Structures are given as structure tokens and as C-alpha cells.
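This one's a predicted model, so the numbers in the text were calculated from it and none came from an experiment. Positions are given from 1 along the sequence.
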Amino acid sequence: MVLASNFLVPNATFVVELIAFLLVLGALARWVLPPLNRMMEERQDTIRKALEDAEEARRRADETEVEYKRALDEARAQARQLVDEANRLGEELRAQARERGEQEYQRLLTRATGDIQAATQQAAEQLRGQVGELVVLVVERVIGQVMDDRAQRALIDRTISEAESEAGIGGSAAR
């Protein structure tokens, strides 16, 4: 009776419960924990592999970014070089066009000057002939006689020379 009332002494129920607990604990340790541990290790391996893959992908992304920047810089340099080359060619073409224009201008100016001189010469000749005819006509009416060709020519030349000397024009073209 004394034993049943002392709470520090285990009774038979406690011993049975302890044995059952140990059996359950042993069963868990033998059949449940190994698959759980194996699954946890597989999961850890999967996570570790994913982290390594992520690290490798980040490293490759960094390398790709560096390569991209290098290629972009190279492309910009080439574009700059092409623009410079195009500008240089444009300047050359502009200079060549300017030179061709200047040459064409000089050619046209020379031809126009020649045409003007020829027209001036022709006009002077026509004017000289008309003035000569008028002088002969006036002289014939004044003196009342017809002049021979030699006298007409001498009179015309003298009159034109005097007219040109008064006007300040050289009369060598008519003679």
C-alpha cells in the first residue's frame, strides 16, 4: 500500500508505456528515418546543384554582358569610322564637284568671251561698212559726182580712222 501511493516509484503502466515508446522510437529509427534522411539528402543535392547551376548561369551572363559591351563598343567604333569615311568622301566629292563647276564656268566664260568678241568684231565690221556707204553717199551728193572705188575706199578709211580716234577706239581691225 505504501508503494502505490508513492509517485516516485514507477508502476507497471509506466513500464509498458516506456517499452511501447521505445518500440515506436526504434521503428521510426529503423523504417521511417532512413527514407526521410535519403529524401532530405536528395533535396539538398538538388538545391546544391541548382545553386551551382545558378552561379554558372550568372557567370556566363556576366561573360556575355562583357562580350556584348565589347561588341557594342566595337560596333560604335566601326560606325564612327564609317561616318568619318563618309564625311571625308563627301568632302572629296564636293571639292571635285566644285572644281568641275569652276572648270565648266571658266570654259563657258572663255567661250562667251570669244563669242562676244566675235559678235563685237562682226558688229564693228557691219557698222564700218554702213558708215562707209553713208559717207560715200553723202560725199557724192555734196560734190555731185560719182567717186571711183579707190577714192571711195580712201575716203571711208580716213573717215573711220578719224571717228575712231575721236571715240578713243583703235581702228586696226578694219584695215
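- Side-chain contact check for F21 versus V24: every heavy-atom pair is 4.5 Å or farther apart.
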Given side-chain contact (heavy atoms from CB on, under 4.5 Å), test R48 with L51 step by step and report yes or no. CA-CA 5 Å; R48 187 178 308 114; L51 289 174; 5.7 Å; no

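- The line from CG of N37 to CD of Q44 is 9.5 Å long, rounded to the nearest 0.5 Å.
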Please step through salt bridge (charged side-chain N to carboxylate O under 4.0 Å, His left out) for the pair R60 and E56, ending with a clear verdict. CA-CA 6 Å; R60 287 184 182 176; E56 178 67 20; 3.1 Å; yes

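- The side chain to side chain contact (heavy atoms under 4.5 Å, CB included) test with E104 is passed by exactly one of R100, Q106, R107, E102: R107.
- For the pair R76 and D73, the minimum side-chain heavy-atom distance is below 4.5 Å.
- Across L137, V138, V131, a single residue satisfies side chain to side chain contact (heavy atoms under 4.5 Å, CB included) together with V135, and that is V131.
- Going from atom CD of E162 over to atom CG of D157 covers 11.0 Å, rounded to the nearest 0.5 Å.
- From I47, atom CD1 reaches atom NZ of K49 across 14.5 Å, with rounding to the nearest 0.5 Å.
- Under the 4.0 Å criterion applied to side-chain N and carboxylate O atoms, E55 and R59 are not assigned as salt-bridge partners.
- Between atom CD of residue E17 and atom CG of residue N11 there is a gap of 8.0 Å, rounded to the nearest 0.5 Å.
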From CA spacing to verdict: side-chain contact (heavy atoms from CB on, under 4.5 Å), T64, E67: CA-CA 5 Å; T64 302; E67 181 67 24; 5.5 Å; no

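- In the hydrophobic cluster analysis, where Ile, Leu, Val, Met, Phe, Trp and Tyr join through side-chain heavy atoms closer than 4.5 angstrom, L127 is grouped apart from L134.
- Electrostatic pairing of E92 and R88 counts as a salt bridge here, judged by a charged N lying under 4.0 Å from a carboxylate O.
- Between E41 and R38, no side-chain nitrogen of the basic residue sits less than 4.0 Å from a carboxylate oxygen of the acidic one, so the salt-bridge criterion is not met.
- Summarising the geometry of P34 relative to A29, their closest heavy-atom pair is CD-O, 3.3 Å, with the distance given to 0.1 Å.
- Both I143 and V136 are members of a single hydrophobic cluster when ILVMFWY side chains are connected at heavy-atom separations under 4.5 Å.
- To the nearest 0.5 angstrom, L36 atom CG is 8.0 Å from M40 atom CE.
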Using the salt bridge (charged side-chain N to carboxylate O under 4.0 Å, His left out) rule, take R70 and E74 through it: C-alpha gap first, then chi angles, then the decisive distance, then the call. CA-CA 6 Å; R70 187 189 62 75; E74 186 175 311; 3.1 Å; yes

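- Atom OG1 of T159 is separated from atom CG of L155 by 4.0 Å, given to the nearest 0.5 angstrom.
- Under a 4.0 Å N-O distance rule, the pair R128/E133 does not qualify as a salt bridge.
- By the criterion of side-chain heavy atoms lying less than 4.5 angstrom apart, applied directly or through intervening Ile, Leu, Val, Met, Phe, Trp or Tyr residues, L33 is not grouped with M39; the two fall into different hydrophobic clusters.
- You'll find the side chain of Q103 reaches within 4.5 Å of the side chain of E99, heavy atoms only.
- Dense packing is recorded around CD of Q126, with more than 12 heavy atoms of other residues, nucleotides or ligands lying under 6.0 Å away.
- Taking the charged nitrogens against the carboxylate oxygens, D149 and R153 have no contact shorter than 4.0 Å, which rules out a salt bridge.
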